[in-house]
Amino acid sequence: MRDDLNFVDVLRRDLRDVRWPDAAEIRIRARRRSTRRAVGAAVAILVVLSAPAVAALPAGSGRSHRAGPVPSPAVRAEIPIEVLLHPEDMSAKVDQRFTQSGLAEPVEVEPEWTRCLEQKRVSPAWERSRYSRSQSLRRNPPTQSPHPSGLDFDTSIQLIQDVYRVDPQVAGSLFAGIDRRVDACRDWGDTQRGQIGEGEWADIFARHRWDVVGRGFAGDESVVVRHTISESRRDDADGEVLAFPPEPQSTAVVRVGDLVTVLELGSMGGELELRRLAVLAAERMCVAANPSC
């Protein structure tokens, strides 16, 4: 009985030391990865700046793999945390780092783009990865600023990065698939229900488009995709203007071997900074890619 009590005391003490993501972080991850569904068990890891790096699990650690040849011990499987960009890589101040790992997730470039692809019946919307590791880098304190769309967004986010390990056939076709998906969503009209004033709701219409605005600047393959949104109007394209267009949002996609990273900066970052970080991200991925650089 005493041993049982000691175990409970230890468990309670350990649980007091666990730090859980706050509500803002949960909402951010939900927006960024709204269409992803993990297949199998996924291990979630939360790391603050003072925490030590977490080593990757060995290839033979007991996780199940899809049917096919068993990789040799020399072939890297899961993604070590070291491949992610470091807080000190950022030009902006970073106070917190949150990381997460997963299995068999789609290589999603942007959730809003996914909605367009689903409406356009592009299938599959995104190729699926074998392993993934993600992070968000934030500064304190979390603040809310008005957005041209009339919604608020968290200005504490400095960077969101996803790294995926993919099968060879996916690595070979992924970037051609990005061009195909851009063609499908060059002009997409989207209507959503939203609040436009105190107690007033309306259908809000906006046009979206995605364009590849840069190629071949990092890794084996790389692109920058720019998402542009029109002004927001009531009901349809001819309705009353409710909000001016927001600043375009750019996302970098870089491949090194069988690793692919997707990078998106917060509100204070531009495309030059995004490209700089994409080049650095490619260097970080080199040591864990198959084959390595």
Side-chain angles (χ1 to χ4, degrees), residues 29-30 32-47 53-85 98-111 113-114 117-118 122-136 160-178 180-181 218-223 225 251-264 278 281-293:
R29 298 310 295 171
R32 180 68 182 86
R33 312 178 72 174
S34 58
T35 62
R36 300 177 185 180
R37 297 178 177 85
V39 177
V43 180
I45 303 170
L46 183 151
V47 182
V54 179
L57 294 174
S61 59
R63 290 184 184 263
S64 61
H65 297 270
R66 66 178 60 188
V70 177
S72 69
V75 175
R76 301 164 182 87
E78 297 188 40
I79 303 170
I81 198 170
E82 289 80 8
V83 308
L84 298 173
L85 289 167
F98 297 92
T99 74
Q100 186 179 38
S101 61
L103 293 171
E105 293 181 350
V107 186
E108 183 181 51
V109 176
E110 187 193 333
W113 198 358
T114 302
L117 294 170
E118 289 172 347
V122 174
S123 181
W126 304 105
E127 291 84 353
R128 196 163 291 276
S129 64
R130 297 175 57 210
Y131 298 89
S132 67
R133 189 173 288 277
S134 307
Q135 72 169 342
S136 65
I160 294 176
Q161 179 183 18
D162 300 308
V163 179
Y164 304 93
R165 192 178 300 282
V166 299
D167 286 333
Q169 63 269 25
V170 172
S173 64
L174 179 67
F175 282 77
I178 287 177
R180 176 172 57 88
R181 293 174 178 98
D220 296 325
E221 292 181 284
S222 55
V223 297
V225 180
T251 304
V253 187
V254 180
R255 181 180 70 83
V256 177
D258 65 342
L259 290 180
V260 177
T261 189
V262 178
L263 299 168
E264 181 180 329
E283 295 173 1
R284 298 256 188 248
M285 290 190 293
C286 270
V287 295
N290 294 306
S292 59
C293 302

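Values below: all heavy atoms of this structure, side chains included; hydrogens, waters and symmetry mates excluded.
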Problem set entry | Any donor-acceptor N/O pair, Ser129 side chain to Val166 backbone, under 3.5 Å | no
Exercise. Among all residues two or more places apart in sequence or in another chain, which pass the side-chain contact (heavy atoms from CB on, under 4.5 Å) test with Leu85?
Worked result: Asp89, Gln135, Leu159, Gln161, Leu263, Leu277, Leu280, Ala281
For this session: Check step by step if side chain to side chain contact (heavy atoms under 4.5 Å, CB included) holds for Ile79 and Ser101.
Result: CA-CA 8 Å; Ile79 303 170; Ser101 61; over 6 Å; no
If you take all heavy atoms of [X] and [Y], which pair is closest and at what distance?
X: Ala171; Y: Gly257; answer: CB-O, 4.0 Å
X: Ala282; Y: Val254; answer: CB-CG1, 4.0 Å
X: Trp126; Y: Leu117; answer: CZ2-CD1, 3.6 Å
X: Arg284; Y: Leu84; answer: CD-O, 3.6 Å
X: Val225; Y: Trp113; answer: CG1-CZ3, 3.8 Å
X: Ala218; Y: Ala278; answer: CB-O, 3.9 Å

State, with a plain yes or no, whether a side-chain heavy atom of [X] is found less than 4.5 Å away from one of [Y].
X: Asp167; Y: Arg130; answer: yes
X: Tyr131; Y: Leu103; answer: yes
X: Asp162; Y: Ser132; answer: no

For this session: Supply the atom-to-atom distance Phe175 CZ to Ser222 OG, rounded to the nearest 0.5 angstrom.
Result: 6.5 Å
Exercise. Distance from Glu108 atom CD to Thr114 atom OG1, nearest 0.5 Å?
Worked result: 3.5 Å
Exercise. Run the side chain to side chain contact (heavy atoms under 4.5 Å, CB included) check on Glu127 and Ser173 step by step: do they pass?
Worked result: CA-CA 9 Å; Glu127 291 84 353; Ser173 64; 4.3 Å; yes
Problem set entry | Trace of the side chain to side chain contact (heavy atoms under 4.5 Å, CB included) decision for Thr261 with Met285 | CA-CA 9 Å; Thr261 189; Met285 290 190 293; 3.7 Å; yes
Exercise. For residues 251-262, which residue pairs qualify under salt bridge (charged side-chain N to carboxylate O under 4.0 Å, His left out), counting only residues two or more places apart or in two chains?
Worked result: Arg165-Asp258, Asp220-Arg255, Glu221-Arg255
